[in-house]
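In what follows, a single structure is set out as structure tokens and then discussed.
Just so we're on the same page: letters track the sequence lines, and every chain starts at 1. Only this structure's heavy atoms are used, side chains among them; waters, hydrogens and symmetry mates stay out.
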2 protein chains.
Amino acid sequence: MGELTKIRVTKAKTRAKPVDKAVLPLGQILSGDCVTEMRKLPDASVDLVFADPPYNLQLGGDLNRPDGSHVDAVTDDWDQFDSFAIYDKFTRDWLTECKRVLKPDGALWVIGSYHNIYRVGAILQDLGFWILNDVVWRKTNPMPNFRGTRFTNAHETLLWCSQGEKSRYHFNYRAMKTLNDELQMRSDWIFPICSGGERLKDDTGHKAHPTQKPEALLYRVLLATTEAGDVVLDPFFGTGTTGAVAKRLGRDWIGCEREADYRKVASARIEKELPLDESALATMQSRKTQPRVAFGAVVEAGLLKPGTEIFDKKRRWTATVRADGSVECGKETGSIHGVGKVLQDAPSCNGWTFWHYEADGPNGEKLVQPIDAARGLYLLAAED
Amino acid sequence: MGELTKIRVTKAKTRAKPVDKAVLPLGQILSGDCVTEMRKLPDASVDLVFADPPYNLQLGGDLNRPDGSHVDAVTDDWDQFDSFAIYDKFTRDWLTECKRVLKPDGALWVIGSYHNIYRVGAILQDLGFWILNDVVWRKTNPMPNFRGTRFTNAHETLLWCSQGEKSRYHFNYRAMKTLNDELQMRSDWIFPICSGGERLKDDTGHKAHPTQKPEALLYRVLLATTEAGDVVLDPFFGTGTTGAVAKRLGRDWIGCEREADYRKVASARIEKELPLDESALATMQSRKTQPRVAFGAVVEAGLLKPGTEIFDKKRRWTATVRADGSVECGKETGSIHGVGKVLQDAPSCNGWTFWHYEADGPNGEKLVQPIDAARGLYLLAAED
DNA sequence: CGGCCTCATGAATCCTCAC
DNA sequence: AGTGAGGATTCATGAGGCC
């Protein structure tokens with residue numbers, strides 16, 4: 001190794017950290033209607049919202065018509081148009097509060113079925129949310145259609161949205177790719193429904209919540225779109241799957257839940273949850289989040305000496321490294337990227353992977369490597 | 001789980017038969033805007049609408065693959081809308097006409113992506129359509145996300161709707177179950193995108209239409225929700241996949257298409273299409289009532305001897321048939337379906353078509369066939 | 001003719017930082 | 001806020017050529 005001492009690298013993109021996490025009710029289940037409870041939270045204070053809203057108006061409880069009149073779910077005889085209008089207002093209300101409490105670069109997930117997801121999707125677009133993906137949860141073991149009148153309803157839909165078209169949402173691309181055996185994670189996810197030991201029971205042995213979601217689903221959502229230390233809000237907390245997985249993954253969480261029974265089950269559940277330790281939490285990092293290195297610094301450090309010949313993989317072109325980190329290939333001179341781009345007549349070029357050099361192998365043999373390998377050595381040295 | 005409103009399930013009786021098919025422009029591509037053209041059709045005259053409207057993609061700048069090649073995007077005029085409001089009005093207009101021309105017991109299919117399907121879904125609910133299922137077309141070979149910024153957009157969504165909550169829509173439950181090897185057909189369908197020989201080209205060898213749908217998709221839609229002799233309307237006919245499959249399956253069809261180029265390609269395509277003859281259709285229908293065959297019975301009958309090696313089409317895996325009709329592949333043992341499913345890590349597997357064997361051809365040569373062929377022989381023998 | 005390699009391409013809301 | 005440069009990023013499939 002060379003005489004690499006302290007090397008300064010430019011800092012990787014750091015995400016805006018919450019300025020007021022201390023004032024947030026972290027790790028608490030707020031008891032009440034989610035709109036009321038969210039109104040108590042400050043603007044732009046939450047990194048992620050995960051919402052599993054009810055689509056059954058009876059579960060919705062105290063709902064008012066757009067004209068303000070109260071709806072009695074049991075006795076009122078409303079038609080489907082009334083019910084859509086009421087559901088839409090309910091949806092607009094909670095989504096509006098979510099938008100306010102989310103940070104500018106925060107994101108929203110909503111899960112639903114065909115009964116409600118088209119209402120929700122259209123309304124969140126109207127509110128300015130920008131859909132990044134719709135994700136399909138394909139159930140390995142859905143409930144069959146007992147009457148044989150339709151297709152087995154074997155999936156639910158999740159919407160992943162940023163605050164707007166231009167917002168800089170967070171996506172752990174590498175972690176997802178690693179999770180999917182080095183193939184890009186697709187928009188269809190396969191999980192079994194929540195059952196067996198994971199399914200929470202009440203004192204009488206009945207399921208504690210009718211629509212408990214599998215932890216694997218939340219695990220993937222949080223791993224894909226949050227970092228450790230982020231604040232995750234779940235306005236329809238239920239039995240606290242979001243909180244349990246957030247705690248395990250070292251994310252902070254806030255829940256809203258109106259039903260005391262659910263709050264009780266959720267609290268006990270999350271209490272038992274143990275956070276993973278730091279090494280287990282480590283995930284594959286994207287190049288994008290690694291510090292940026294100038295090619296000149298690699299030359300300066302002696303890892304690629306001026307005068308070294310570099311060439312593309314097929315040796316169509318050969319260029320010479322110059323002392324200032326520029327390269328020369330015939331009449332073309334400039335950065336490793338710029339010259340590679342011009343030579344190939346391409347819209348862009350990553351010089352780090354385009355250019356190669358001959359390095360010494362472990363047994364003294366010659367080894368052709370992308371110059372990115374030299375950057376790797378540089379970064380390794382910089383860690384000390 | 002509940003529904004948005006009370007469900008009333010009515011028993012299907014006999015379907016209203018078309019009274020005025022003769023006055024309809026059957027087998028014609030109406031040249032013009034679909035709303036204008038549909039207005040010329042009588043009320044309640046169509047059994048099924050299949051609609052593939054513009055998706056309102058709202059693409060930004062150019063996109064290149066990592067190798068620098070340019071992605072041919074959908075930038076056609078017909079997909080340009082200035083706002084959600086304009087797209088919504090467009091959607092409301094064509095859906096309104098569809099609702100009028102559909103028979104009371106008719107049904108509507110719409111296909112879309114996350115860009116437009118939430119608008120479409122909410123609007124069709126507002127118009128009184130009743131969603132029966134949302135179906136996910138899971139693409140085996142979607143275009144990747146080249147920049148690593150989102151999940152691979154690997155699916156599109158179809159909505160299947162009746163005229164209203166109480167309408168008596170048509171569903172060929174048995175045919176779907178048979179097609180899915182005696183398991184209820186699920187709401188997620190797996191098909192490759194339309195490519196290869198099926199993809200229509202123009203005179204210059206360029207794709208004739210940017211968004212041609214696979215015939216397999218239409219085949220399943222029409223088989224599931226129409227009968228021979230039904231009238232199928234496609235308001236966004238494009239290159240006529242709906243018409244081609246309808247003709248093949250003995251359904252009548254009407255298309256609307258504004259672009260002369262598309263109409264020309266579609267006409268030529270459908271002209272060449274041959275309807276399945278009556279015996280083929282009858283064979284297909286008789287399959288519905290064919291008894292379920294256990295793989296074990298085929299083995300028992302000596303059509304596939306225990307010890308026979310079976311393998312998938314690409315010979316990635318080889319398994320051995322055992323006496324009880326289970327199969328063994330390395331550590332995995334179980335049914336032809338179960339083992340195939342585990343090996344592929346798929347949600348399900350039709351072992352009859354997944355596994356193959358070497359059979360003796362008519363001239364003594366070796367012939368690779370799906371084991372479904374052995375099932376066919378078994379059934380043939382059972383008829384006697 | 002088969003095996004292997006290369007190349008083209010598909011409904012896509014596809015970057016980020018410093019100056 | 002606009003601009004320019006750095007540099008990160010792809011999977012399945014079919015067609016065609018080469019040996």
Practice item. Using the P atom as the reference point in each nucleotide, state the distance between C/dC1 and D/dG16 in Å, no decimals. Key: 16 Å

Revision key, fill the gap. Minimal heavy-atom distance between A/Val298 and A/Trp352, with the atoms involved, is CG2-CH2, 3.9 Å

Practice item. Could you tell me whether B/Lys264 and B/Asp202 make a salt bridge, using a distance below 4.0 angstrom between a side-chain N and a carboxylate O? Key: no

Check your understanding: Looking only at atom P, what distance separates D/dT9 and C/dC17, rounded to whole Å?
Key -> 14 Å

Check your understanding: For B/Gly61, which contact category applies under a 4.0 Å heavy-atom criterion: base, sugar-phosphate, or nothing?
Key -> base

Check your understanding: In terms of side-chain heavy atoms, does B/Tyr118 have a donor or acceptor partner in A/Asp134 at a distance below 3.5 Å?
Key -> yes

Point to revise | Salt-bridge present (A/Glu182, A/Arg174; N to O < 4.0 Å) | key: yes

Check your understanding: Of all heavy-atom pairs between B/Glu156 and B/Lys139, which one has the smallest distance, and what is that distance?
Key -> OE2-NZ, 2.8 Å

Review point. Has A/Lys99 got its NZ or CZ under 6.0 Å from the middle of the six-membered ring of A/Phe129, at an angle within 45 degrees of the ring axis?
Key: yes

Practice item. Nearest whole angstrom, please: distance from the C1' of C/dT16 to the CZ of A/Phe171. Key: 17 Å

Review point. Whole-Å distance between C/dC15 C1' and B/Asp62 CG?
Key: 15 Å

Practice item. Using the C1' atom as the reference point in each nucleotide, state the distance between D/dA12 and C/dT13 in Å, no decimals. Key: 23 Å

Review point. Base of D/dT9 relative to its sugar, syn (within 90° of 0) or anti?
Key: anti

Exercise for review: Say whether B/Ser195 and B/Arg199, considering side chains only, have a donor N or O and an acceptor N or O under 3.5 Å apart.
Suggested key: no

Practice item. May I have the distance from A/Met185 (atom CE) to C/dC14 (atom C1'), rounded to whole angstrom? Key: 18 Å

Check your understanding: Taking atom P in both C/dA12 and D/dA8, what distance in whole Å separates the two?
Key -> 25 Å

Review point. Rounded to whole angstroms, how far apart are CG on A/Asn133 and C1' on C/dA11?
Key: 14 Å

Check your understanding: Can you list every salt bridge (Lys or Arg N to Asp or Glu O under 4.0 Å) pair that touches residues 71-85 of chain B, not counting sequence neighbours?
Key -> B/Asp72-B/Lys207

Exercise for review: Tell me, yes or no, whether the heavy-atom count around B/Arg65 atom CZ, taken from other residues, nucleotides or ligands under 6.0 Å, exceeds 12.
Suggested key: yes

Check your understanding: Counting any heavy atom closer than 4.0 Å, what does A/Asp134 reach on the DNA or RNA strands: base, sugar-phosphate only, or nothing?
Key -> nothing

Review point. Of all of residues 202-210 of chain B, which get a heavy atom below 4.0 angstrom from DNA chain C, listed by number?
Key: B/Lys207, B/Pro210

Practice item. Indicate, with a heavy-atom threshold strictly under 4.0 Å, whether B/Thr211 touches base, sugar-phosphate, or nothing. Key: base

Practice item. Step by step, work out the ring-ring contact (aromatic ring centres under 6.0 Å, His included) result for B/His209 and B/Trp78. Key: CA-CA 12 Å; B/His209 193 283; B/Trp78 49 255; 5.7 Å; yes

Point to revise | C/dA11 phosphate, OP1 or OP2, under 4.0 Å from B/Ser113 side-chain N/O | key: no

Exercise for review: To the nearest Å, give me how far apart CG (B/Leu57) and P (C/dG10) are.
Suggested key: 14 Å

Review point. In whole angstrom, what separates B/Phe151's CZ from C/dA12's C1'?
Key: 16 Å

Review point. Checking all strands, does B/Pro53 fall into the base, sugar-phosphate, or nothing category for heavy-atom contacts under 4.0 angstrom?
Key: base

Practice item. Give the B/S/- string for nucleotides 8-19 of chain D, one per nucleotide from 5' to 3', where a protein heavy atom under 4.0 Å of the base yields B, of only the sugar-phosphate yields S, and otherwise -. Key: BBBBSSS-----

Exercise for review: List in numerical order all residues of residues 72-89 of chain B for which some heavy atom is under 4.0 Å away from an atom belonging to DNA chain C.
Suggested key: B/Asp72, B/Ala73, B/Val74, B/Trp78, B/Asp79

Practice item. Give DNA chain C the dot-bracket treatment, 5' to 3': Watson-Crick (N1-N3 with N6-O4 or O6-N4) or G-U (N1-O2, O6-N3) under 3.5 Å, [ ] crossing, | other strand. Key: .|||||||||....|||||

**Study point:** C/dC14 to D/dG6 separation - P atoms, rounded to the nearest Å
**Key:** 23 Å

Check your understanding: Could one point to a donor on the side chain of B/Lys213 or the base of C/dA11 with an acceptor on the other under 3.5 Å away?
Key -> yes

Review point. Under a 4.0 Å N-O cut-off, is there an ion pair linking B/Arg138 with B/Asp188?
Key: no

Review point. Phosphate oxygens OP1/OP2 of D/dG6: is one of them under 4.0 Å from a side-chain N or O of A/His337?
Key: no

Point to revise | Heavy-atom closest contact (A/Leu343 atom, A/Glu332 atom, distance) | key: CD2-CG, 4.3 Å

Study note, to complete from the structure: Judged by nearest nucleotide, the residue sitting upstream toward the 5' end of DNA chain C, A/Trp130 or B/Ser69, is B/Ser69

Study note, to complete from the structure: B/Lys89 meets the side-chain hydrogen bond (donor to acceptor under 3.5 Å, both in side chains) criterion, sequence neighbours left out, with B/Asp93

Review point. Could you give the CG-to-P distance, from B/Leu59 to C/dA12, as a whole number of Å?
Key: 8 Å

Point to revise | Lys/Arg N to Asp/Glu carboxylate O, A/Arg287 vs A/Asp372, below 4.0 Å | key: yes

Point to revise | B/Glu215 and B/Arg220 ion-paired at < 4.0 Å | key: no

Review point. When the distance from CD1 of A/Ile336 to P of D/dG6 is rounded to whole Å, what number comes out?
Key: 9 Å

Practice item. Could you tell me whether the phosphate oxygens of C/dC17, OP1 or OP2, come under 4.0 Å of any side-chain nitrogen or oxygen in A/Arg168? Key: yes

Practice item. Indicate yes or no: does A/Lys314 engage A/Asp312 in a salt bridge with an N to O separation below 4.0 Å. Key: no

